[in-house]
Amino acid sequence: AARGIWDSGAVMNIFENNGRKGDLLYYMISGERSYQVNNQELLTLHPGEAIFIPIDAKYTSKVVSETRSEGIFIDFTLFSDNDAILIDDPFFVVADDRFRRRFEAVEENRLDRLRVRAELYRLLADFSSAAAATGLNKYDKAVRDAMLEIGRHPENELDVPKIARECCLSETGF
């Protein structure tokens with residue numbers, strides 16, 4: 001993991017022809033960065049958003065904000081018996097405040113390989129959960145989010161009436 005700062009207008013086109021040599025997780029701290037594939041604008045990454053770009057992805061990115069851009073990037077390669085590691089869609093973006101903490105934990109522990117791997121797997125699990133939720137309706141997503149939160153913090157006392165309301169369920173149904 002490393003923190004990078006790029007000037008306004010900076011273009012990164014080294015992956016345009018041959019693609020990435022590894023997978024990438026990137027968290028945007030400040031500024032904005034656009035991503036183009038085949039000279040067509042695909043998306044713009046904003047502060048607080050994280051992106052997963054898989055190995056072999058071909059793209060160009062450019063700092064489009066008027067100020068410098070800062071982010072944390074993690075280049076890695078995982079092997080998984082020729083299956084997709086995380087998601088099939090390249091350039092998957094999520095916006096969730098826990099991602100910044102995870103990226104910073106990888107950056108802070110970069111000399112401790114075991115801790116880096118543990119944090120990387122947590123990041124991948126969070127991305128995978130977010131990817132799985134993209135096809136859910138709002139009610140299913142609410143239940144899934146509640147289950148994830150309970151799983152992340154089993155030590156917390158449950159406010160069943162509140163959680164049930166957020167999931168649009170009765171307490172008994174929840």
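One is the number of the first residue; the rest follow in order along the sequence.
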Please check if the side chain of R110 supplies one atom and the backbone of E107 the other of a donor-acceptor pair under 3.5 Å. yes
Between S30 and P47, what is the shortest heavy-atom contact and its length? CA-CG, 4.0 Å
Pair M28-R33, side chain to side chain contact (heavy atoms under 4.5 Å, CB included): steps then yes or no: CA-CA 8 Å; M28 179 66 73; R33 179 181 289 269; 3.3 Å; yes
Which atom pair, heavy atoms only, marks the closest approach of A95 to E49? CB-CG, 3.9 Å
Is the shortest distance from a Lys or Arg side-chain nitrogen in R115 or D112 to a carboxylate oxygen in the other one below 4.0 Å? yes
Report yes if some heavy atom in the side chain of E157 is under 4.5 Å from a heavy atom in the side chain of D159; otherwise report no. no
Answer with yes or no whether the hydrophobic clustering places V11 together with I14; edges join I, L, V, M, F, W, Y residues whose side-chain heavy atoms lie under 4.5 Å apart. no
What class does the angle between the rings of F127 and F99 fall in, given that below 30° is parallel, 30 to 60° is tilted and above 60° is perpendicular? perpendicular
Any side-chain heavy atom of I51 within less than 4.5 Å of one from Y35? yes
Can you get from I72 to Y121 by hopping between Ile, Leu, Val, Met, Phe, Trp and Tyr side chains that sit under 4.5 Å apart? yes
Looking at T60 and N13, would you say the former's side chain and the latter's main chain have a donor-acceptor pair under 3.5 Å? no
Might you point out which heavy atoms bring A1 and V106 nearest each other, and give the distance in Å? CB-CG1, 3.4 Å
Taking all non-hydrogen atoms of both residues into account, name the closest pair between S65 and S8 and its distance. O-OG, 2.7 Å
Please check this pair: side chain of E108 against backbone of A105, looking for a donor-acceptor N/O pair closer than 3.5 Å. no
Side chain proximity check, V94 to D126, heavy atoms < 4.5 angstrom: no
CZ (R102) and CG (L124) are apart, to the nearest 0.5 Å, by 11.0 Å
W6 six-ring face occupied by R68 cation (under 6.0 Å, within 45°): no
same_hphob_cluster(V63, L24) at 4.5 Å side-chain heavy-atom cutoff: yes
Side chain to side chain contact (heavy atoms under 4.5 Å, CB included) evaluation trace for V160 with K162: CA-CA 5 Å; V160 174; K162 178 183 177 220; over 6 Å; no
Is N109 reaching over with its side chain to a backbone N or O of V116, donor-acceptor style, under 3.5 angstrom? no
Working to the nearest 0.5 Å, report the span between CD1 of I53 and OH of Y26. 10.0 Å
Test log, rule side chain to side chain contact (heavy atoms under 4.5 Å, CB included), inputs Y59 and L42: CA-CA 9 Å; Y59 66 96; L42 181 65; over 6 Å; no
So CD of E119 and CD1 of I74: to nearest 0.5 Å the spacing works out to 9.0 Å
From D23 atom CG to D75 atom CG, the distance as rounded to the nearest 0.5 Å: 9.0 Å
Centres of the Y27 and F73 rings: under 6.0 Å? no
Answer yes or no: is there an ion pair linking E104 with R100, defined by an N-O contact shorter than 4.0 Å? yes
May I ask you to say whether D56 pairs ionically with K21, meaning some side-chain N is under 4.0 Å from a carboxylate O? no
Side chains of S34 and Q36: donor-acceptor distance under 3.5 Å anywhere? yes
Would you kindly confirm whether I29 and L25 end up in one hydrophobic cluster when ILVMFWY residues are joined by side chain heavy atoms under 4.5 Å apart? yes
Verify, without hydrogens or angle tests, whether K58 (side chain) and N17 (backbone) share a donor-acceptor contact under 3.5 angstrom. yes
Salt-bridge contact E70-R3 (side-chain N to carboxylate O under 4.0 Å): yes
